Amino acid sequence: MATKTYCWAIVDAMREEMERDETVFLIGEDVGAPEGAFGASRGLQKTFGPSRVRDTPISEEIIVGLGVGAAMTGRRPIVEIMFIDFLGLCLDQIANQAAKTHYIYDGMFKMPLVIRTSSAVEMGIGPHHSQSWEAIVGHIPGLKVVMPSTPRDAKGLLKSAIRDNNPVVFIEHIALHRLKEEIEDEELLIPIGKADVKRQGRDVTVVASGLMVARALAAAKTLAKDGIEVEVVDPRTISPIDYDTIVDSVRKTNRALVVTSSHKQFGFGSEVAAEVQERAFFDLDQPVKRLSPPFTPAPFGKQFDDYLNPNTDAIVAAVHELVA
């Protein structure tokens with residue numbers, strides 16, 4: 001076992017897969033000589049050379065287009081789009097090319113493409129770098145969407161994504177890059193599409209994604225002092241989502257709260273709430289409750305963190321309402 005940050009877990013996953021498979025390569029803005037805008041490709045160009053870790057021009061559409069073409073011809077590209085907000089610049093390549101190629105050509109082509117991108121809600125960097133768009137890419141058939149909340153999950157899921165023959169959008173939260181966790185030294189592969197129960201409980205199920213998982217766990221510790229035992233479920237994968245694990249938990253606790261960094265309107269949390277209502281309606285003692293940021297662009301400044309995101313206190317208050 002070794003203690004790793006979330007960021008180093010990402011680096012280790014890419015290094016191991018590049019060592020294992022020479023068809024794996026990384027492209028994106030500043031991934032080569034600068035070693036990543038957030039340090040998430042440190043040492044990779046020195047190890048594998050500029051032919052496999054290559055800086056690109058500032059054109060997200062071209063970057064993803066290169067990845068799509070390379071994947072169609074037998075390579076396994078990892079494409080980095082610095083912020084998830086910039087997916088709007090390359091959405092045609094993602095939604096109409098990467099996601100549909102296998103279907104359009106009747107399986108003639110595989111699409112082993114990983115699009116790594118970052119969400120940055122809570123860092124105070126304003127409306128063009130602070131969105132959480134997992135619901136947008138999760139809405140596109142043909143894509144897999146992964147959103148790990150811990151270093152171990154990040155490493156195991158990224159390695160699985162690189163080996164997958166389908167396009168995967170891999171969402172990292174920059175605020176999680178500093179998070180540390182012990183990770184086993186041996187091979188680590190976590191299956192895409194399998195949720196994880198981060199904490200067992202009996203009174204309320206809290207379904208949390210990405211950055212919100214740590215806050216839900218902190219809230220659970222506070223609530224335990226009041227005799228309320230919260231079960232925290234981390235979907236880990238946005239699409240396909242493991243509803244069986246979520247619904248099984250709700251059937252045990254009879255109450256559910258969904259906490260996200262993305263907006264409530266037409267969002268991932270709303271989809272989870274609707275599915276729980278359909279599958280476990282008669283098991284619920286209360287309607288499913290949702291916590292999410294307000295439906296507004298993100299302002300500049302870290303002082304708006306508690307305004308933009310559900311914090312631990314808000315989660316505690318929502319759980320108290322559910323059990324009242």
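It should be emphasised that the depicted structure is a prediction, and the values quoted were computed from it without experimental measurement.
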Short side-chain donor-acceptor distance under 3.5 Å, Thr245 and Asp242
yes

Side chain Gln45, main chain Val53, donor-acceptor under 3.5 Å:
yes

Please answer whether the main-chain N or O of Ala175 pairs with a side-chain N or O of His173 as donor and acceptor at a distance below 3.5 Å.
yes

Give, for atom OG of Ser132 and atom CZ of Phe268, the distance between the pair rounded to the nearest 0.5 Å.
10.0 Å

Would you kindly confirm whether Phe281 and Val250 end up in one hydrophobic cluster when ILVMFWY residues are joined by side chain heavy atoms under 4.5 Å apart?
no

Spell out, as yes or no, whether a donor-acceptor pair under 3.5 Å connects the side chain of Asp283 to the backbone of Arg251.
no

Going through the distances and angles, do Arg76 and Asp164 end up as a salt bridge (charged side-chain N to carboxylate O under 4.0 Å, His left out)?
CA-CA 9 Å; Arg76 290 189 175 272; Asp164 202 297; over 6 Å; no

In this structure, OG of Ser118 is separated from CE of Met82 (nearest 0.5 Å) by 9.0 Å

Does Arg152 come within less than 4.0 Å of Glu184, counting only side-chain N to carboxylate O?
yes

Check: Phe38 ring centre within less than 6.0 Å of Tyr6 ring centre
no

Return the CD1 to CD1 distance between Ile171 and Ile84, rounded to the nearest 0.5 Å.
4.0 Å

Thr3 side-chain N/O to Glu182 backbone N/O, donor-acceptor pair under 3.5 Å:
no

Can Asn165 and His102 be counted as having a side-chain donor-acceptor contact under 3.5 angstrom?
no

Arg75 atom CZ, neighbour heavy-atom count above 12 within 6.0 Å
yes

Ile315 side, atom CD1; Thr222 side, atom OG1 - distance, nearest 0.5 Å
10.0 Å

Test your reading of the model: is there a side-chain donor-acceptor pair from Thr205 to the backbone of Ser249, 3.5 Å cut-off?
yes

For Asp55 and Val31, indicate whether the former's side chain and the latter's backbone hold a donor-acceptor pair under 3.5 Å.
yes

So that I can tick it off, tell me whether Arg116 and Glu172 are bridged by a salt bridge, with the cut-off set at under 4.0 angstrom between side-chain N and carboxylate O.
yes

Taking Thr117 for the side chain and Ile81 for the main chain, is one N or O donor matched with an acceptor at less than 3.5 Å?
yes

Group every Ile, Leu, Val, Met, Phe, Trp and Tyr by side-chain heavy-atom contacts under 4.5 Å, then state whether Ile63 and Leu143 land in the same group.
yes

Give, for atom CD1 of Ile78 and atom CD1 of Ile10, the distance between the pair rounded to the nearest 0.5 Å.
9.5 Å

Any donor-acceptor pair under 3.5 Å from Thr237 side chain to Pro240 backbone
no

Donor-acceptor pair, distance only, cut-off 3.5 Å: does the side chain of Ser160 make one with the backbone of Ile192?
no

Answer yes or no: does atom NZ of Lys180 have more than 12 heavy-atom neighbours from other residues, nucleotides or ligands under 6.0 Å?
no

With a 4.0 Å cut-off on N to O distance, would you call Asp234 and Arg236 a salt bridge?
no

For residues 10-19, pull every pair meeting salt bridge (charged side-chain N to carboxylate O under 4.0 Å, His left out), keeping only residues two or more places apart or in separate chains.
Lys4-Asp12, Asp12-Arg15, Glu16-Lys155, Glu16-Lys159, Glu17-Arg20, Glu17-Lys159, Glu17-Arg163

Does Asp244 come within less than 4.0 Å of Arg279, counting only side-chain N to carboxylate O?
yes

Counting only heavy atoms from other residues, nucleotides and ligands, does the tally under 6.0 Å from CD of Glu22 exceed 12?
no

Arg202 and Thr253 side chains, donor-acceptor separation under 3.5 Å:
no

Applying salt bridge (charged side-chain N to carboxylate O under 4.0 Å, His left out), which residue pairs with at least one partner in residues 100-114 are found, sequence neighbours left out?
none

Tell me whether the count of non-hydrogen atoms from other residues, nucleotides or ligands lying under 6.0 Å of CD1 in Ile104 goes above 12.
yes

Straight-line distance of Phe48 CZ to Met18 CE, nearest 0.5 Å:
5.0 Å

With distance as the sole test, does Asp203 use its side chain to make a donor-acceptor pair with the main-chain N or O of Glu229 at under 3.5 Å?
yes

With the threshold set at 4.0 Å, does a side-chain nitrogen-carboxylate oxygen contact exist between Glu231 and Arg199?
no

Smallest separation among heavy atoms of Gly39 and Cys7, with atom names
O-SG, 3.6 Å

